[in-house]
Number of protein chains: 2
Amino acid sequence: MDDPRWLNETEMAAWRGFVAATNLVARRLERQLKEDAGLSHTQYEILVQLSAAPGGSLRMTDLADRLITSKSGLTYQVTQLEKAGLVARRSCPSDVRGVFAEITDHGWEVLRAAAPGHVAAVREALIDVLTPAQLAALAESLGTVSDRLRAADS
Amino acid sequence: MDDPRWLNETEMAAWRGFVAATNLVARRLERQLKEDAGLSHTQYEILVQLSAAPGGSLRMTDLADRLITSKSGLTYQVTQLEKAGLVARRSCPSDVRGVFAEITDHGWEVLRAAAPGHVAAVREALIDVLTPAQLAALAESLGTVSDRLRAADS
DNA sequence: ACTGCAAGGTTCAAATTTGAACTACAGGTC
DNA sequence: GACCTGTAGTTCAAATTTGAACCTTGCAGT
């Protein structure tokens, strides 16, 4: 690792901005969701993913891929949501090992109630702060970054 | 909260990209640092901030502002770093309540040893994936976002 | 000097996260 | 059919994070 290519000014600004924005936005949304809906961001994301999936259910592994947590972390959070009655576990017919997480009616209610406030917070923290052109550029850049990293992980 | 302004396609793509990139990059760097240098990203950032500060030291509060963790989290991590001999605590002459965290010689060594690998990982995950123009746009956008949120927090 | 309130850090218990076993089963190969 | 390797989820202990409660100490107003 001799003679590393250090970051130039723009690169450093991009990196610092990324780290700062990342943490600040995460903190902000975490608090907002906890206060207004009693959910962590992870839990909210689980409900969102399930609600968007056909039948309102997904295999644990699929869910873990869409969120970005470890398998054990997902097990924990799904258990929490199950205790709260927002999600139910069902076994998979074709694969005995498999487990489906399914959003319940109550889960739908909670999600519907939480969504408007969450979207408003996302707008306030990120979306409405940028111009449409900036948003388009951000979407493309971060899309590229995500795709690469996902590919590299597999 | 009636009639919320939902996100349009571009906005949603930007938001999804942000969340995904955020988590993927964080995971990646966390692992890299842990494996190569035995540091968490938070700990690495503490060392970076201290190394960049005059005298290699900062008040705990200043440090907490630059990183984005809670005060108690900082206390914990500084204690860990102190146990490892990378950082030392010193009392503040002008304010008895105050505590300075100061990077030690050993801390400098560890930081110097860790930096090249970390920069390489940052390049691989984010910087080198984007064009210079994209980086400039990213820096500006995320800089705006960070500044706004910092201002809102105070 | 005296009071009241805010700021700086730490401590504490509770919640969460992580990776490394571990159990149980699937799928292909011989 | 026996075997071997890989996959799906869970469990476990250890590390981390968080917010609230808690001391001290600074500081402003009187």
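Please read all numbers here as calculations on a predicted model, not as lab measurements. When reading the values below, keep in mind they use all heavy atoms of this one structure, side chains included, and skip hydrogens, waters and symmetry mates. Proteins get letters first, then strands, A, B, ... in listed order; numbering begins at 1 in each.
- Nucleotide C:dT17 holds its P atom 14 Å from the CD atom of B:E30, rounded to whole Å.
- Using a distance-only test at 3.5 Å, with no hydrogens or angles considered, no donor-acceptor pair links the side chain of A:S57 to the main chain of A:A53.
- The distance from atom CZ of B:R59 to atom C1' of D:dT25 is 11 Å, rounded to the nearest whole Å.
- B:L33 has its CG atom 14 Å from the P atom of C:dG19, to the nearest Å.
- Judged by closest nucleotide on DNA chain C, B:R27 is the one of B:R27 and A:V96 placed further toward the 5' end.
- Counting any heavy atom pair closer than 4.0 Å across all strands shown, A:G98 reaches sugar-phosphate atoms only and no base atom.
- Here the closest non-hydrogen pair linking B:T104 and B:A88 is CG2-N, 3.9 Å.
- With the end axes of the helix from C:dA1-D:dT30 to C:dC30-D:dG1 each set by five pairs, the angle from one to the other reads 20° at 10° resolution.
- What you find for B:I46 and B:Q77 is that their closest heavy atoms are CD1-CB, 3.8 Å.
- The OG1 atom of A:T69 sits 7.5 Å away from the CG atom of A:L63 when rounded to the nearest 0.5 Å.
- No hydrogens or angles were tested; on distance alone, a donor-acceptor pair under 3.5 Å links the side chain of B:S72 to the base of D:dG19.
- In terms of modelled atom types and a separation under 3.5 Å, the side chain of A:N23 and the main chain of A:V19 share a donor-acceptor contact.
- Under the side-chain contact (heavy atoms from CB on, under 4.5 Å) criterion, A:D147 pairs with no residue, sequence neighbours left out.
- Rounded to whole Å, the distance from CZ on B:F100 to C1' on C:dG9 is 14 Å.
- B:T75 contributes no side-chain N or O that forms a donor-acceptor pair with the base of C:dG9 under 3.5 Å.
- Smallest separation of non-hydrogen atoms from A:L58 and A:D62: CD2-CB, 4.4 Å.
- Note: CD (B:E35) to C1' (C:dG19) measures 11 Å, nearest angstrom.
- Residues A:T79 and B:S94 both approach DNA chain D. Their nearest nucleotides, taken by heavy-atom distance, put A:T79 toward the 5′ side.
- Around the CD atom of B:E124, the shell of radius 6.0 Å holds no more than 12 heavy atoms that belong to other residues, nucleotides or ligands.
- Counting to the nearest Å, the C1' atom of D:dG9 and the CZ atom of A:R89 are 9 Å from each other.
- A donor-acceptor pair is defined here as one N or O able to donate and one able to accept, closer than 3.5 Å; such a pair exists between the side chain of A:R123 and the backbone of B:R5.
- Checking D:dA8, C:dG19, C:dG8 against the side-chain heavy atoms of A:K71 singles out D:dA8 as nearest.
- In this structure, B:L58 places its CG atom 11 Å from P of C:dG9, rounding to the nearest Å.
- Here the P atom of nucleotide D:dT18 and the NE2 atom of A:H41 are 15 Å apart, to the nearest Å.
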Give every pair of a protein N or O atom and an N or O atom of nucleotides 14-16 of chain D that lie under 3.5 Å apart, one pair per line with the distance.
unit_1, atom_1, unit_2, atom_2, d
D:dT16, OP2, B:Y76, OH, 2.7

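- With hydrogens and angles ignored, no donor-acceptor pair closer than 3.5 Å exists between the side chain of A:R97 and the base of C:dA24.
- If you take OG1 on A:T42 and CD on A:Q80, they are separated by 11.5 Å, rounding to the nearest 0.5 Å.
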